[in-house]
Amino acid sequence: MTVRGRSTRKATRVHDGRRAAPVQLVEETPWRWRIDRAGDMRVPGIVFASRQLLPTVAADQSLQQVVNVATLPGIVRASYAMPDVHWGYGFPIGGVAATDVADNGAVSPGGVGFDISCGVRLLVTPLDRAELGPRLAALMDQLELLIPKGMGKGAVWEPAGDAELRRVLTEGARYAVERGHGTARDLERCEDEGVLAGADPDAVSERAKLRGLHQIGSLGSGNHFLEVQVVDRVYDENVAVAFGLHPGQVCVMIHSGSRGLGHQVCSDHVGRMEAAMGRYGIHVPDRQLACVPVRSPEGEAYLAAMAAAANYGRANRQLLGEAARRAFARAVGTDRLEMLYDVSHNLAKLETHQVGGRPCLLCVHRKGATRALPPGHPDLPPALGPVGQPVLVPGSMGTASHVLAGDPGGEAFHSTCHGAGRLVSRTVARHRVSGSALRRQLARAGVEVRAGSDRGLAEEAPTSYKDVDAVVETVELAGLARRVARLVPVGVIKG
DNA sequence: ATGTAC
C-alpha cells in the first residue's frame with residue numbers, strides 16, 4: 001500500500017481532544033477583528049487585518065487555528081493573529097500567544113514552528129545605488145559565490161567538531177564573533193545580543209547536531225534569501241536617521257534560520273510532547289498543538305533545545321553577514337556593512353508583561369511574528385532606546401521590504417507581523433507560475449537574480465503572497481509598530 | 001521551513 005500524497009495535516013485531523021468552536025468574526029475597527037470566546041476557548045481571538053487581508057475561512061484554516069490556540073492551558077489576554085496570518089502547523093503563521101508560567105502555562109513547539117529562530121538581519125552600506133552603479137552584477141556574482149544556498153549542505157564555516165558546535169549552541173552569534181567572524185558592535189545590534197539564554201546542547205539530539213554540523217552560514221531554501229536592497233521611501237525621518245537610513249542607500253537583507261538542526265529539534269520534541277501530554281491532563285483540539293507545561297521536564301527540555309537551535313540560527317545569520325562583507329570587499333572595495341538589527345520571528349520566550357495590572361512571567365510564542373520593543377524599553381541598546389526596536393519585515397521575492405519601529409501601543413506583547421504572508425500553497429504556486437518566466441520578468445524589472453532552482457522561484461512568486469505594503473500599513477493603523485522605511489530589491493540570492 | 005517519509 002502506498003502512502004504517497006498523505007499529508008501530515010490529514011494524518012492528524014482525527015483527534016479526541018477539546019472541541020473547537022466555529023469561527024465567528026466581529027469587526028471592531030477596519031483593522032481589528034474579534035472572535036468571542038466559545039466552546040473550550042479560554043480567551044478571545046484578536047485578528048489584526050483589513051477586510052482585504054483577512055483570510056477566508058473556506059480557503060485557509062488559519063482563523064480556525066487562532067480559535068484552537070485560544071484553548072491552550074494558561075493562555076492569557078487573547079490568541080492574536082497579525083495581518084500576514086496564514087495556515088501553519090498547529091498554530092497559524094503570524095500568530096502570537098502568551099501563557100502564564102505560574103498558572104500551568106503551556107509551551108508548544110507548534111507555536112514556534114519548524115524553523116526555530118528564523119529571522120532577518122539588515123546591514124546598511126555607505127553606498128548609494130548610483131555609487132554602486134554597474135558593479136551590481138559583479139557584486140551579485142561574488143555573493144552567489146560566497147553564500148551557500150538551497151537544500152542540504154554547504155556552509156560558510158564549519159565547527160571543528162562536537163565541542164565547538166556545543167559552543168555555537170550555547171553562545172550563538174557571540175561565539176561566531178569570538179572566533180573572528182564579526183564585531184562587538186554587530187552583537188549590540190542583535191536581539192538578546194546574539195545569545196538566547198537557557199540553551200542546553202544536551203537537550204539537542206545527536207541527529208539534530210549531525211544535521212547542523214555542515215550548515216552554519218547557509219541560506220537554505222523556500223522564502224529564505226539574501227537581497228541587495230535600496231531605500232526607496234522614508235516614512236519617519238527622525239527614526240530613519242537614528243537607524244542610519246536615507247533614501248537611495250544600499251542595504252543587505254538576510255532572511256534565514258536554523259536549517260536542518262532547528263527542524264530536527266522541533267520534530268524530536270513534538271514527538272516527545274505528544275507522548276507526554278496526556279500525563280498532564282492536557283487536551284487540545286488539534287494534535288499539532290502538542291504542548292506541556294513550561295514547568296515540566298518536557299517543557300524545560302524543549303525550551304533548552306529551542307534556545308540552542310535559536311543560537312544556531314543567530315550564528316548562521318552572523319556568518320552570512322560576514323560573507324556578505326567579503327563579497328562587498330571584493331566587488332565594491334568596501335566591507336563597511338553596519339548592522340541595523342537582527343531579529344527572530346519564530347520563537348517562544350519567557351518575558352515579563354503586565355497582565356491584569358500585575359507583572360507576570362509569560363511564555364510568549366511568536367510564530368511568524370516579530371518582537372517589536374517600544375521606545376524606552378530596557379532591552380534596547382542605548383542608540384535605539386529613544387526610537388524603539390527596528391522591526392525587519394521581508395516582502396515576497398522582487399517586492400518591497402519594510403523597516404518598522406516598535407510602538408508604545410503594541411498590545412500583542414510587543415509583537416508585529418513578519419512578512420507578506422503566503423496566500424497560495426507552494427504546490428498550487430508551482431502549477432500556476434513558471435520559474436523561468438519569473439526569472440525573466442525580474443531581470444526586465446532590473447533585479448539581478450541568482451537563484452538555485454526554477455521550482456523554488458515559482459514557489460516564491462509574489463502573486464502567491466499578500467501585498468506587504470498593505471500588511472505593514474495595517475500594522476501601523478492597528479498601533480503595533482510604526483513604518484520607518486521601505487526598501488526595494490536590486491539583487492536577489494535565493495535557494 | 002525540511003536530507004519535501006523512515
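Proteins get letters first, then strands, A, B, ... in listed order; numbering begins at 1 in each.
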Any carboxylate oxygen within less than 4.0 angstrom of a Lys/Arg side-chain nitrogen, looking at [X] and [Y]?
X: A/Lys494; Y: A/Glu227; value: no
X: A/Glu459; Y: A/Arg430; value: yes
X: A/Glu178; Y: A/Arg167; value: yes
X: A/Glu411; Y: A/Arg77; value: no
X: A/Glu298; Y: A/Arg279; value: yes

Rounded distance (Å) that lies between atom [atom2] of [N] and atom [atom1] of [X]:
X: A/Phe114; N: B/dG3; atom1: CZ; atom2: P; result: 12 Å
X: A/Asp115; N: B/dG3; atom1: CG; atom2: P; result: 10 Å
X: A/Arg211; N: B/dT2; atom1: CZ; atom2: C1'; result: 6 Å
X: A/Tyr89; N: B/dT4; atom1: OH; atom2: P; result: 17 Å
X: A/Arg426; N: B/dT4; atom1: CZ; atom2: C1'; result: 10 Å

Would you mind classifying the nucleic acid contact of [X] as base, sugar-phosphate or nothing, using non-hydrogen atoms under 4.0 angstrom?
X: A/Gly257; result: nothing
X: A/Arg259; result: sugar-phosphate
X: A/Arg455; result: base
X: A/Gln215; result: sugar-phosphate

Can you list, in residue-number order, the parts of residues 198-207 of chain A that come under 4.0 Å of DNA chain B, counting heavy atoms only?
A/Arg207
Close approaches to DNA chain B from residues 260-270 of chain A, in residue order (heavy atom, under 4.0 Å):
A/Gly260, A/His263
Looking only at side-chain N and O atoms, does A/Asn346 offer a donor or acceptor that is under 3.5 Å from a partner on A/His418?
no
Distance only, no hydrogens: is a donor on one side chain within 3.5 Å (strictly under) of an acceptor on the other, for A/Tyr312 and A/Gln215?
no
Can you tell which of A/Arg325, A/Arg121, A/Arg174 makes a salt bridge (Lys or Arg N to Asp or Glu O under 4.0 Å) with A/Asp186?
A/Arg325
Side-chain heavy atoms of A/Pro92 within contact of A/Lys367, under 4.5 Å
no
